Amino acid sequence: MTEDSRNFIRALETGNHELLQKVPRADVHNHAGLGGDFKSWTAKQGLDIEDCSHHFPDFTDFQAFVDKIYTYPWDRPTPQQNIDRIQSLYDATYELAVSDGVTYIEPGIDALVLDFFEGDIEKMTAALQKQKDRFAHQLEIRPDVGMIRVFPMEDIERRIYPCIDSGFFDALDIFADERHGPPEEFKQIYRYAKRAGMKLKAHAGELLDADFVRRSVEVLELDEVQHGIAAATSPEVMRFLSDNTIRLNICPSSNIQLCQVGSFKTHPLRILMDNGVKCCINTDDAIVFGQKSSDEFFNIYGTGLYTTEELDQLRLNGFPAS
Ligand SMILES: [Zn+2]
């Protein structure tokens, strides 16, 4: 056992947050615009946005809160206002990761951001690179580029192909309400990204069922699934994920606050692990859900359903080499 693993286990057993924050961790399901700390970000920006209830029975309530974070107090922000806003949010994400001791992050960058740079992909990636460089000594950043699945396909294509061609992004993702934008519509884009050598991810099985998880993996040839928790209802789908070593990038607090799961105790993570599905622990949208990477490990440990060794394995699973 490595010293990191020993420290990680000791930190959990003794409730020592400071020690746990010194142990390298990965966060591979983290939307770059929503990964920061709500209080310090709003204070720094001088914004009087009301903190949310941390409970969203309806996905549209969640969307409305997210829209507020991106655009408040403007009705129609200018491109420069949009750029300033997202850069402040990305900074907040990287700052929180560093202060929490996360060492490896795959931040999801929305392809829509290309519009803020008036379609100039070089300008966009130069700005993102500059920001990335400021954190490079503390945090390994490998950005995903993500598509909002509810947008018209012509807008998605206009933005995503230059992002793929830029070579700046390591992985591809689709997100937002999965009841819209079936995986078949994205197949061509995923094949294109695969030929470009990108890792393939997609949100699936957060709101829809186990069959949708399998269908997304098969149609899009996914390497990883963002959430994928619905797979726990089907032994066949879990066997499929396990046989093909498809990792689920799980975000427990997100699932609970979006009312897809009742509590940490009843989270399907236990079932998924018992069925040999490779999983890791992530934050999704810390600015909304208020839970850092280290919090998520303590939350899961607090259920008493996982051994410290299992939690350490979940920690290690987040890194690319594992
Ligand atoms: Zn997500």
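Index from 1, following the sequence. One-based numbering, in listed order, for ligands and for the atoms of each. In what follows, every heavy atom counts, from backbone to side chain, and hydrogens, waters and symmetry copies are set aside. No experiment lies behind these values; they were computed from the predicted model shown.
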- Query: Any idea how many protein N, O or S atoms are nearer than 2.8 Å to the Zn ion (ligand 1)?
  - Reply: 4
- Item | Donor-acceptor contact below 3.5 Å, side chain D91 vs main chain S88 | no
- How far apart are the C-alpha atoms of I250 and H267, what are their side-chain angles, what is the distance that settles it, and do they pass the side chain to side chain contact (heavy atoms under 4.5 Å, CB included) test? CA-CA 10 Å; I250 287 181; H267 195 285; 3.6 Å; yes
- Message: Looking at G35, is its backbone amide N or carbonyl O close enough to the side chain of T93 to form a donor-acceptor pair, meaning the two atoms are under 3.5 Å apart?
- Response: yes
- Query: Going hydrophobic residue to hydrophobic residue with side-chain gaps under 4.5 angstrom, can you get from V150 over to L258?
  - Reply: yes
- Task: Output, in order, the C-alpha distance, side-chain angles, deciding distance and verdict of ring-ring contact (aromatic ring centres under 6.0 Å, His included) for F62 and F65.
- Result: CA-CA 5 Å; F62 165 74; F65 185 68; 8.2 Å; no
- Message: Has E184 got a side-chain atom pairing as donor or acceptor with V219's backbone, closer than 3.5 angstrom?
- Response: no
